Every structure is written in C-alpha cells, then in structure tokens.
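Chain letters run A, B, ... following the sequence lines, proteins first, then strands; residues in each count from 1. None of these values were measured; they are calculated from a predicted model.
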Number of protein chains: 2
Amino acid sequence: MESDRLSATFSALADPTRRAILARLLLGECSVGELAQPFEMTMPAVSKHLRVLERAGLIAQRRDAQWRRCRIQPGPLKEVSDWTERYRQVWEERLDRLDDYVQQLNAKERKTHGRKQRSK
Amino acid sequence: MESDRLSATFSALADPTRRAILARLLLGECSVGELAQPFEMTMPAVSKHLRVLERAGLIAQRRDAQWRRCRIQPGPLKEVSDWTERYRQVWEERLDRLDDYVQQLNAKERKTHGRKQRSK
DNA sequence: TGGTTAATTAACCTAATGGTTTTATACAAT
DNA sequence: ATTGTATAAAACCATTAGGTTAATTAACCA
C-alpha cells in the first residue's frame with residue numbers, strides 16, 4: 001500500500017471510475033447508491049472505490065439515517081495542484097524552446113541555403 | 001493496464017521513485033545510470049520505472065553513443081494540471097464556507113451567550 | 001418484533017505492479 | 001576481434017488492485 005499521501009492520492013485518481021465519482025461529487029453531496037447508479041458494477045465494487053478515495057482523503061462520508069452521504073474533500077486535490085505547479089515551467093519552457101528552434105531553423109536556412117545539412 | 005492516458009499518467013505519478021526521477025529530470029536531460037544512482041534498487045528496476053514513465057508520455061529517451069538520455073515531456077503534465085483546475089473551486093469554495101461557518105459561530109456566540117451549547 | 005432498504009465486510013479469483021536475478025544487446029575502446 | 005560499459009529484456013516471485021458473490025450490520029417501517 002502507498003506509504004505517502006501524495007502517492008495514495010495519485011493512485012486513487014488513476015482510475016476512471018473514481019474520477020467519475022469525484023466529478024459527480026463536484027455537483028454536491030450524494031449517497032452511495034446514487035453514486036453507484038451510473039456504473040455497471042456491483043455495489044461492493046463501488047464501495048471499495050469509495051474506500052480508496054476516503055483513505056486518500058479525497059472524500060468524506062457521514063451517516064444520514066439509512067444513507068451514507070459522500071462529499072468531496074479539498075486537501076489532496078490542492079496537494080496535486082501544488083505538485084503539478086512545480087512542473088509548469090516544463091510545458092511553458094518547451095513551447096518557448098519550440099519557438100527558439102523554429103527561429104534557429106529560419107536563421108540557418110538563410111545562412112546555409114543550398115549547403116549540405118547535418119543529417120537527423 | 002490503463003486504458004486511457006490520464007489514468008496511465010496518474011498511475012505513473014503514484015510512485016515516489018518515479019516522481020523523484022521526474023524531479024531530477026526537471027534539472028535537465030540525464031542518462032539512465034545517473035538517474036538510477038540515488039536509488040537503492042537494481043538498474044532493471046529503474047529501467048522498468050522509466051518504461052512506465054515513457055508509456056505514459058511523461059518522458060522520452062534518445063540514444064547518445066552508449067547512453068540513453070532521458071528528458072521530461074510536457075503533454076501529460078499539462079493534462080494533469082488541466083484536470084486538477086476543474087476542482088480548484090473545491091478548495092477555494094471550501095475555505096469560503098469555513099469563513100461562513102466561523103462567522104455563524106461568532107453570530108451564535110453573541111446571541112446565545114451563556115446558554116447551553118450542543119455537545120461535540 | 002420482523003421485514004425492507006442501504007451499505008459494508010468477508011472470502012475468493014485473476015491480473016497487474018514492483019522488485020529480483022540472469023541473459024542479451026549495442027556501442028566504445030583497445 | 002575482444003573486452004568493457006550502459007541498458008534493456010526475460011523469467012520469476014510476492015503483494016496489491018479491482019472485480020465477483022454471499023453474509024453482515026444498521027437504520028427505518030409497519
């Protein structure tokens with residue numbers, strides 16, 4: 001099992017069913033039965049998915065009469081966002097470099113026009 | 001195996017070794033041996049982690065003489081960022097509601113001062 | 001008190017993950 | 001040509017993940 005929280009979070013998010021559950025919970029609190037309804041799997045399977053989300057801190061449950069209402073929890077989502085932010089430079093920088101590369105190509109084209117190009 | 005790309009990405013990120021590798025690659029391109037050096041595991045294990053990152057599109061490898069240089073790739077990181085953004089409201093809204101709650105408590109405190117409080 | 005509804009837990013199965021050791025490949029250096 | 005170095009692939013193993021069915025718990029209803 002995942003030792004650290006961020007691993008548990010990413011692991012929980014690495015399943016389309018669980019991401020769909022989170023998307024549903026974005027619309028508001030919801031019972032387990034309502035959450036299960038769109039899926040072609042048994043209740044225990046959904047229940048297990050909820051346990052995974054809960055253990056990662058992505059959702060919380062409360063009892064309401066015979067139902068368990070689930071709601072989304074902010075903490076781990078924020079942590080994912082923060083982690084990802086540290087890589088923002090990767091995709092922004094990359095686009096810059098693509099610009100540079102295009103400009104280099106253009107410059108080279110002007111200088112070496114008609115000369116043999118270094119292959120690959 | 002993960003059907004969709006986002007699942008493959010989250011799954012690849014759900015391991016501290018692989019996240020450490022990405023963090024290292026943030027500093028620049030790097031050979032497999034250099035990547036492996038900080039870890040207490042065999043080269044084939046690291047090689048497998050690289051395969052997981054590569055299949056998710058998070059890194060790319062190129063041959064350079066006897067080495068394989070790895071570099072980080074922007075696409076999937078951007079996708080994670082975009083996915084996460086749709087949940088930003090969750091943690092911002094939540095903080096707002098915490099504000100509301102605190103204000104409610106204060107209001108109540110003024111009104112019911114000296115009365116019996118609901119336990120817990 | 002007994003039955004129904006909502007959900008979880010237990011027990012089980014199969015496939016995937018993360019590691020190992022051993023074998024193979026590709027290039028460099030001599 | 002041979003040896004060394006960098007890395008991957010194959011075969012294997014233990015654990016985890018995601019599903020199932022069957023049994024259990026908890027609350028409401030009558």
Tell me the interatomic distance from [X], atom [atom1], to [N], atom [atom2], rounded to whole angstroms.
| X | N | atom1 | atom2 | result |
| --- | --- | --- | --- | --- |
| B:Lys48 | D:dC13 | NZ | C1' | 10 Å |
| A:Asp15 | D:dT16 | CG | C1' | 14 Å |
| A:Met43 | C:dT9 | CE | P | 12 Å |
| B:Gln37 | D:dT7 | CD | C1' | 16 Å |
| B:Glu54 | D:dA8 | CD | C1' | 11 Å |
| B:Asp64 | D:dA8 | CG | P | 13 Å |
| B:Arg55 | C:dA16 | CZ | P | 11 Å |
| B:Arg63 | C:dT25 | CZ | P | 13 Å |

ask   = Starting at the 5' end of DNA chain D and moving along, which residue's nearest nucleotide shows up first, A:Ala14 or B:Trp67?
value = B:Trp67

Can a salt bridge be assigned to the pair [X] and [Y] using a cut-off of 4.0 Å between side-chain N and carboxylate O?
| X | Y | result |
| --- | --- | --- |
| A:Arg55 | A:Glu2 | no |
| A:Arg68 | A:Asp64 | no |
| A:Glu34 | A:Arg24 | no |

For [N] and [X] - does any side-chain N or O of the residue sit under 4.0 Å from the phosphate oxygens OP1/OP2?
| X | N | answer |
| --- | --- | --- |
| B:Arg18 | C:dG18 | yes |
| A:Gln66 | C:dT4 | no |
| B:Thr42 | C:dT20 | yes |
| A:Ser47 | C:dA7 | no |
| A:Arg51 | C:dT8 | yes |

Of the nucleotides [options], which one has an atom closest to the side chain of [X]?
| X | options | result |
| --- | --- | --- |
| A:Ala45 | D:dG19, D:dA27, C:dT20 | D:dG19 |
| A:Pro44 | C:dA10, C:dA6, D:dA6 | C:dA10 |
| A:Met41 | C:dT22, D:dT20, C:dG18 | D:dT20 |
| B:Arg68 | C:dA26, C:dT22, D:dT7 | D:dT7 |

Indicate, with a heavy-atom threshold strictly under 4.0 Å, whether [X] touches base, sugar-phosphate, or nothing.
| X | value |
| --- | --- |
| A:Glu2 | sugar-phosphate |
| B:Arg69 | nothing |
| B:Ala65 | sugar-phosphate |

message = If you take the centroid of each ring, where Trp contributes its six-membered ring, are B:Tyr87 and B:Trp91 closer together than 6.0 Å?
response =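 No, the ring centres sit 6.0 Å or more apart.
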
ask   = Quick one: does A:Thr9's side chain have a donor or acceptor within less than 3.5 Å of a partner on A:Arg5's backbone?
value =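 Yes.
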
ask   = Is A:Ser81 reaching over with its side chain to a backbone N or O of A:Leu77, donor-acceptor style, under 3.5 angstrom?
value = no

inquiry  = Can you confirm if the NZ or CZ of B:Arg69 lies within 45° of the ring axis of B:Trp67 and under 6.0 Å from the centre of its six-membered ring?
reply    = yes

message = Would B:Phe10 and A:Asp15 count as a side chain to side chain contact (heavy atoms under 4.5 Å, CB included) here? Give the steps.
response = CA-CA 8 Å; B:Phe10 277 128; A:Asp15 181 287; over 6 Å; no

query = Which ones in residues 29-36 of chain B lie close to DNA chain D, meaning a heavy atom under 4.0 Å from one of its atoms?
reply = B:Ser31, B:Val32, B:Gly33

